[in-house]
2 protein chains.
Amino acid sequence: MNMKTLAEMLGLSQTTVSRALNGHSDVAEATRRRVEEAAVKLGYRPNASAQRLATGRAGAIGLILPANSDRLMNPHFLEFIAGLGTHLIRKEFDIVLIPVELQDEMRAYERIISSRQVDALVLSMPTLADERIPLLTRRGMPFILHGRTRSNVPHAWLDVDNEGAFRRATRHLLQLGHERIALANGPAGYTYTHHREKGYRDALAEYGIAPDPALISNSDLTDMTGYAIADGWLSLKAPPTAILTSAVTMAMGISRAIRSRGLTLGRDVSMVAHDDVFPYLNPQTMIPSLTTTQSSLRAAGSRIGELLLEMLEGRDPGSIGELWPVPLILGDSTGPAPQ
Amino acid sequence: MNMKTLAEMLGLSQTTVSRALNGHSDVAEATRRRVEEAAVKLGYRPNASAQRLATGRAGAIGLILPANSDRLMNPHFLEFIAGLGTHLIRKEFDIVLIPVELQDEMRAYERIISSRQVDALVLSMPTLADERIPLLTRRGMPFILHGRTRSNVPHAWLDVDNEGAFRRATRHLLQLGHERIALANGPAGYTYTHHREKGYRDALAEYGIAPDPALISNSDLTDMTGYAIADGWLSLKAPPTAILTSAVTMAMGISRAIRSRGLTLGRDVSMVAHDDVFPYLNPQTMIPSLTTTQSSLRAAGSRIGELLLEMLEGRDPGSIGELWPVPLILGDSTGPAPQ
DNA sequence: TTCCACATCCGAAGCGCTTCGGATACCTGC
DNA sequence: GCAGGTATCCGAAGCGCTTCGGATGTGGAA
C-alpha cells in the first residue's frame, strides 16, 4: 500500500493526499478526515526512505562511538543513550550509532556529513582542543556537545560542573582532617578529567597542600582498575587516608581493595565517588553507603535530545549552553581522618 | 556532491559509476579504480535515503522496546543491544529502537511492517503463546526470536537453556542438603520465567520435595525488590536455607537482606544467581563470590546480529534455532545446609 | 570475410514521497 | 454582471540512487 494507490482509491490526487496527511492548510477539513480514516483503515504508512529522500531530512540523529570495540559500549555510554532515546524516539527520530576508528576520526566525520545519514550529531567526550567543533561548524552540520572544550566558535553544549563537584568533594575531605587524598580519575586528555583534577587541585591549594603526583591516577573507570590502583596506594609507606574517584564502578573495586587489607571504608579510609546514577547501582544502598557527587547521565542525555529537536526546528545553537550543578550527597564512606 | 556530478566529472554515465561503486562485474577494472579514487578524493558518499528507496532495503534492523518508559531501557536490554551492535554496525546496518505501548502492541507491529522502516526485527521476551510470531510470519516480515515460544510456525530463534540451568542449580543445592529452597524469579508470563521455574520444580521433584508456593516469587529483577523479597522470606517461621535468583542485580539486594539480619551468605543462607554477564558487575569478585548460572546477554545479541545478516542474505529462517548451554559456576555463596 | 560471444558502457524508467506553480469553482462587493 | 479573493485541488518535476534492456566495439572461430 503506497500513497499512489491510496490516492486512487479515494479518487484524489497524490498531492492532496500528501498535503492532507501532513496537515497543510489548503485541503478541506472533510477531505482530510476522509484521507486520514482511509489511511488508518487500509494500514497505510508512508515509506520512510522516500520521505527522507524527498524532504532531505534524515529523521535521525547520530551518536559517534569511539570504536575501540571493547569499550564501544560501556555502561556510561549506554546510560547516556537511554536518556537520549526518551525524547527522540517519541518524535520518530532514529538514533543511529556510528562507530568511528580513532586513527581516521576526522575522515569518518567527513563521511558522515556527506552521506547525509543524520540531521545532527551528538559529540561526547570532548578534549580541551577538540578539532571536531571547527570541522562540523565549517561544514554546517548541526551538533551538540556533551561536555565542554576551549573554543571560540559558538556552538551548543551541555555539561555538568565537574570542577565544582570535585572541588567541593575535596574540601569535604579536607574539612574532615584528611591531608593525603588520592584521585582515581578517568583517562587523561578529556575535558571532564581535566576539570575534575582542577577542582581537586584548587581545593588542596586552598588548604596549602601540594598535590602528590603519586596519588593521582588516570585510567579506565572499571572495577578492576579501581582495585589495582587502590591496592597500590594502600601499599605505600604513606598511604592516602581518603580517595576520590570518578565512577561508582571504580569505587566498587576500591572498596574491595580496602576490605581485603582488613581496613574499613569510612573509618580507616574515606572515599567520595562520582555517581552517574545507574539505575542498577545505587551507592546509597551499599554498605557503607557512599558519599557521592551525583549527576545523572540519563537526564543529561534526555535533555540533549530535547535541545537537539529545538535546534532542528530553528533554534540558534549559539544560544544553547547549560552547566548543571552537581550536588554532594553525604554517605557513610567519609569520616574523620584517622590520627 | 552527488553521483550525477561525480559521473559528469569523470565523463562516465551514472550507471557505470553506480555499478563500479557497487562492485558489479560488467565494468572494467581500470574504470572501477578510477571511479573509486575520484570518489575518495572528492569525498563522495552515496545518499543513504536514496539508496534505500531505490533498493527497497532499509539497511536497518528494528528492536522493539516494551515502552513502559521506566523500564524502557533496563540494563538487560542495553546489554543485549550492545551485543547486537557489534556485528550489525560493521555492515552499516542501523539499529532502530522502536518503543511500543503495551496496549496496542499488535497495531504497532502492523505499522512497523507497512512503513518498511526496517528489514527485519528482533523479538525479545516472548510469552509461551506469543501472537507476534504468526502475525509477522503472515506479513512476511523477517524476524528472529530471542527466547522461545510454543509455536508450530517455523521461525528463527536463539535461546539459552534456562530450564537446564535452573535444574542443575537446584540440584546443586539439594545435594548440599538444602530442602527449603526459594526461587526469586522474573515477571510471570514470559517463557524464560516459566522455563526457570520448571527446571527448579523438576529438580525438587527428583528429590521428592513438594514446592512451597510461599517460596516462589515473581517480580522485577532489581536490587530493591530483591531486598524486599528476601527480607520477607527470612522473616518466615521456617525461612529458606537457600535462594535461587534470576539476576545478579537482584542477588545484590538479597545479599544485603541476608547481611542486615546478621546472617552470612554461603554459611547460613546459600544463593545461586543467574548471571547475564554485565561487564561492570562481576559476581566472581563479590564477597563472597557468587555461585552462578552464567550466560552472556551480549554474546547472544551478537550472535543474533550475525544470524540476522545471514537471513537477509537468504538463509532459511526455519533452519535457524540455537539452544545455548548454561554452565554452573561454583562460588562461595553456596555451602552445606545448616543443621 | 562473416558471425557470434564477450567485455564494457549507457539511456531511461522507476523507487515513493514532497512541493511549486498553476487550475477550477465559488463567493464577495461594487 | 464582473473583477478580484478565497478555498480546494491537481500535474508534473524533482530528491539521488539502482537496474533493465540494450548499444557498441573487440577478437577469435568458422
Side-chain angles (χ1 to χ4, degrees), chain A residues 1-36 38-39 42-60 92 94 111-119 312, chain B residues 1-36 38-39 42-60 92-94 111-119 312-313:
Chain A
M1 169 60 62
N2 58 18
M3 184 180 279
K4 190 174 167 201
T5 72
L6 211 211
E8 277 164 8
M9 298 182 75
L10 284 164
L12 287 169
S13 78
Q14 206 176 315
T15 304
T16 304
V17 172
S18 170
R19 300 186 76 79
L21 257 19
N22 289 317
H24 287 241
S25 62
D26 62 349
V27 33
E29 190 48 39
T31 312
R32 143 159 326 108
R33 230 187 327 267
R34 202 158 67 89
V35 172
E36 270 165 4
L42 300 171
Y44 167 75
R45 279 251 101 195
N47 177 306
S49 304
Q51 220 160 13
R52 289 170 183 184
L53 177 57
T55 59
R57 272 172 266 122
E92 310 239 312
D94 296 349
R111 174 169 62 77
I112 292 155
I113 294 168
S114 36
S115 80
R116 261 159 239 305
Q117 204 181 358
V118 298
D119 294 318
L312 293 177
Chain B
M1 170 60 61
N2 58 20
M3 184 180 280
K4 192 174 167 202
T5 72
L6 211 211
E8 277 163 7
M9 297 183 76
L10 284 164
L12 287 169
S13 78
Q14 205 175 316
T15 304
T16 304
V17 171
S18 170
R19 299 185 77 80
L21 257 19
N22 289 317
H24 287 242
S25 62
D26 62 351
V27 31
E29 190 47 39
T31 311
R32 143 160 327 108
R33 227 185 333 262
R34 202 158 67 89
V35 172
E36 271 166 2
L42 299 171
Y44 166 76
R45 278 254 103 196
N47 177 306
S49 303
Q51 220 161 13
R52 288 169 184 184
L53 177 57
T55 58
R57 273 173 265 122
E92 309 240 310
F93 264 75
D94 296 349
R111 173 169 63 76
I112 292 155
I113 293 168
S114 36
S115 79
R116 259 161 241 305
Q117 205 182 357
V118 298
D119 293 319
L312 293 178
E313 279 167 6

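Every heavy atom of this structure was used, including side-chain atoms; hydrogens, water molecules and symmetry mates were not. Chain identifiers are assigned alphabetically (A, B, ...) following the order of the sequence lines, protein sequences preceding nucleic acid strands; residue numbering begins at 1 within each chain.
As rounded to whole Å, 17 Å separates atom C1' of D:dC15 from atom CE of B:M1. Distance CD (A:E8) to C1' (C:dG16): 13 Å, rounded to an integer number of Å. Look at CD on B:Q117: it is 16 Å from P on C:dG16, rounded to the nearest Å. One can place CZ of B:R116 at 8 Å from P of C:dG16, the figure rounded to the nearest angstrom. Whole-Å rounding puts the A:K4 NZ to D:dC10 P distance at 15 Å. Here D:dC17 presents its C1' atom at 14 Å from CG of A:N47, a figure rounded to the nearest Å. Taking atom CG on B:L53 and atom P on C:dA13, their separation rounds to 17 Å, with Å as the unit.
Residue contacts shown for A:S25 are absent, as no nucleic acid heavy atom lies under 4.0 Å away. Using a 4.0 Å heavy-atom criterion, one finds that A:S49 contacts no nucleic acid atom at all.
Judged as a side chain to side chain contact (heavy atoms under 4.5 Å, CB included), and not counting sequence neighbours, the contacts of B:M1 are B:T5, B:L6, B:M9, B:L42, B:Y44. Residues that satisfy the side-chain hydrogen bond (donor to acceptor under 3.5 Å, both in side chains) test with B:E29, not counting sequence neighbours, are B:R32. Contacts of A:S18 classified as side chain to side chain contact (heavy atoms under 4.5 Å, CB included), with partners at least two apart in sequence or in another chain: A:M3, A:N22. For A:N47, the side chain to side chain contact (heavy atoms under 4.5 Å, CB included) criterion is met by A:S49, A:A50, B:R116, not counting sequence neighbours. In this structure, A:A54 has no side chain to side chain contact (heavy atoms under 4.5 Å, CB included) partners at least two apart in sequence or on a different chain. With sequence neighbours left out, A:S13 forms a side-chain hydrogen bond (donor to acceptor under 3.5 Å, both in side chains) with A:T16.
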Strictly under 3.5 Å: I want the nitrogen or oxygen pairs between protein and nucleotides 18-27 of chain C, one per line.
{"from": "C:dT18", "atom 1": "OP1", "to": "A:N22", "atom 2": "ND2", "distance (Å)": "3.0"}
{"from": "C:dT18", "atom 1": "OP1", "to": "A:Q51", "atom 2": "NE2", "distance (Å)": "3.2"}
{"from": "C:dT18", "atom 1": "OP2", "to": "A:S18", "atom 2": "OG", "distance (Å)": "2.6"}
{"from": "C:dT19", "atom 1": "O4", "to": "A:T15", "atom 2": "OG1", "distance (Å)": "3.0"}

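Screening residues 1-14 of chain B for salt bridge (charged side-chain N to carboxylate O under 4.0 Å, His left out) gives no qualifying pairs among residues at least two apart or on separate chains.
Pairing each heavy atom of B:S114 with each of A:G43, the nearest pair is OG-O, 3.4 Å.
In this structure a side-chain-to-backbone donor-acceptor pair under 3.5 Å is present from B:D119 to B:A58.
Remark on the helix from C:dT1-D:dA30 to C:dC30-D:dG1: inter-end axis angle 50°, axes from five-pair C1' superpositions, rounded to 10°.
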